[in-house]
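Note sheet for the following structure.
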Amino acid sequence: MTIQIGLALSGGGAKGIAHIGVLKVLEETHVPVHMLAGTSMGGVVAAVYATGCPAVEIERLARSLRLLDIVQRDRTGLGLLGRDKIAQRLRKALGGDPTFDQLKLPLALVAVDLETGEEVVIHEGSVVEGVLATTALPPVFPPLRWQNRLLIDGGVLNPVPFDVVRRMGADRVIAVHTLHDLSDVLETEPVPGGRGPEAIIRLLLYRSRWTPLVNISERSLGIMSRKLVEQRMQEAPPDLMIEVPLKGVGLFDLDQVDACLKAGEEAARQHLPELIELRDRPLPSRWTRWWQVWRQKLSGRTIAHHVSQ
C-alpha cells in the first residue's frame with residue numbers, strides 16, 4: 001500500500017514564499033506530496049502546487065510578482081486593499097478558474113466565518129474563491145462572501161492546518177510554519193529605493209499613516225499563531241514540523257524572494273533524515289495500528305481514573 005504523505009503550509013504574507021524552498025527540497029529528495037492543506041499565503045502556494053505546477057515554476061511566478069500587480073484601493077470599506085488584481089493573478093497562475101475536483105492533488109483551504117467564529121475548510125467549488133477567502137487578512141483585505149458565509153483569513157484559528165490534512169487521509173503529515181519576527185513593530189521600515197509606480201506603492205505602504213496598524217496586526221497574528229500551533233501540537237501533532245524563521249520580511253516584501261527561498265530550503269535540509277525516514281518507513285500493520293489506538297485509549301482511561309480519585 002502506498003504511503004499517503006500530506007503537506008500543511010502556514011500563512012505569513014511574503015514569508016510564505018519560503019514554502020517554495022521547502023517544496024524544492026521535497027522534490028530533490030523524492031518525497032512525494034499526495035495532498036495539501038493551506039492557510040493564507042500557504043494556501044496560495046498549495047493551490048498552485050495542486051495544479052501540478054513544479055516548485056521551480058512556482059518560483060518563477062513568485063519572482064515575476066510585483067506590488068503593482070496586486071495593490072489596489074478597496075472600494076467596499078471593509079479592507080485597506082482590494083482583491084480584484086489578486087484574483088486576476090490567481091487565475092493566471094492556476095491556468096484559469098479550476099474547481100477543486102479538477103486539481104491534480106487533493107487540496108483544502110482554511111478560512112474562518114467572521115459571523116459565527118467557526119473554522120471553514122474549503123474543498124469544493126472555485127479554487128480562486130477559496131484562495132481569496134483564506135487570504136482575507138483583516139484589516140488588509142476585505143472578507144469574502146462564500147456560500148452565505150462571510151470569510152476571513154484562516155490563520156485567525158488554524159495557522160498551520162496539519163490537522164486538516166490528517167483528516168483528508170494522510171498517513172504521514174509534514175507541516176511548515178513560517179515564524180513572524182517583528183520585534184520593532186512600531187518602528188517604520190526604511191523606504192526601499194527605486195523609481196516609478198513600484199517605488200511609489202512601496203512608499204505608500206511603508207510610510208502611510210496606517211503602516212503601524214498593519215505592523216501591529218501582523219505582530220498580533222504572529223503571537224496568536226504561535227499559541228494556537230502550540231495547542232494543536234499537543235492535541236494532534238504532525239509527523240514532522242519544519243519551522244522557518246524569517247527576520248526583516250514584512251507582509252508585502254515580495255522582493256525578498258531570495259531570502260525566503262533560502263530560509264525555506266535551509267529549514268527543510270535540516271530535517272533531511274526525518275524526511276527520508278517518513279518517505280521510506282513502511283506503515284505499521286493493521287493489528288499494530290489497532291494496538292496503538294487501544295493503548296492510547298487505555299492510557300486516557302487510566303489518567304482519567306487517577307484524576308477522579
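Numbers here simply count residues along the sequence, with the first being 1. Quick caveat: nothing in here was measured; it's all calculated off a predicted structure.
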Measuring from Glu230:CD to Gln234:CD, what's the distance to the nearest 0.5 Å?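 So the gap between those two atoms works out to 7.5 Å.
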Between [X] and [Y], which heavy-atom pair has the shortest distance, and what is it?
X: Ile20; Y: Ala62; value: CD1-CB, 3.9 Å
X: Gly155; Y: Thr39; value: N-CG2, 3.1 Å
X: Pro238; Y: Val173; value: CB-O, 3.6 Å

Any side-chain heavy atom of [X] within less than 4.5 Å of one from [Y]?
X: Ile86; Y: Arg89; result: no
X: His19; Y: Tyr49; result: no
X: Arg63; Y: Leu261; result: yes
X: Ile17; Y: Gln256; result: no
X: Cys53; Y: Ile58; result: yes
X: Leu151; Y: Arg145; result: no
X: Gln4; Y: Met168; result: no
X: Met241; Y: Val229; result: yes

I'd like to know if the side chain of Thr134 reaches the main chain of Asp153, judged simply by a donor and an acceptor atom lying under 3.5 Å from each other, with no hydrogens or angles considered.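 Absent.
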Name the residue from Arg172, Arg166, Arg279 that meets the salt bridge (Lys or Arg N to Asp or Glu O under 4.0 Å) definition with Asp239.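 Checked Arg172, Arg166, Arg279 against Asp239; only one passes salt bridge (Lys or Arg N to Asp or Glu O under 4.0 Å): Arg166.
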Asn148 atom CG, neighbour heavy-atom count above 12 within 6.0 Å: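 Atom CG in Asn148 is not crowded, with 12 or fewer foreign heavy atoms closer than 6.0 Å.
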Look at atom NZ of Lys92 and say whether more than 12 heavy atoms of other residues, nucleotides or ligands are closer to it than 6.0 Å.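 Not more than 12 within 6.0 Å, no.
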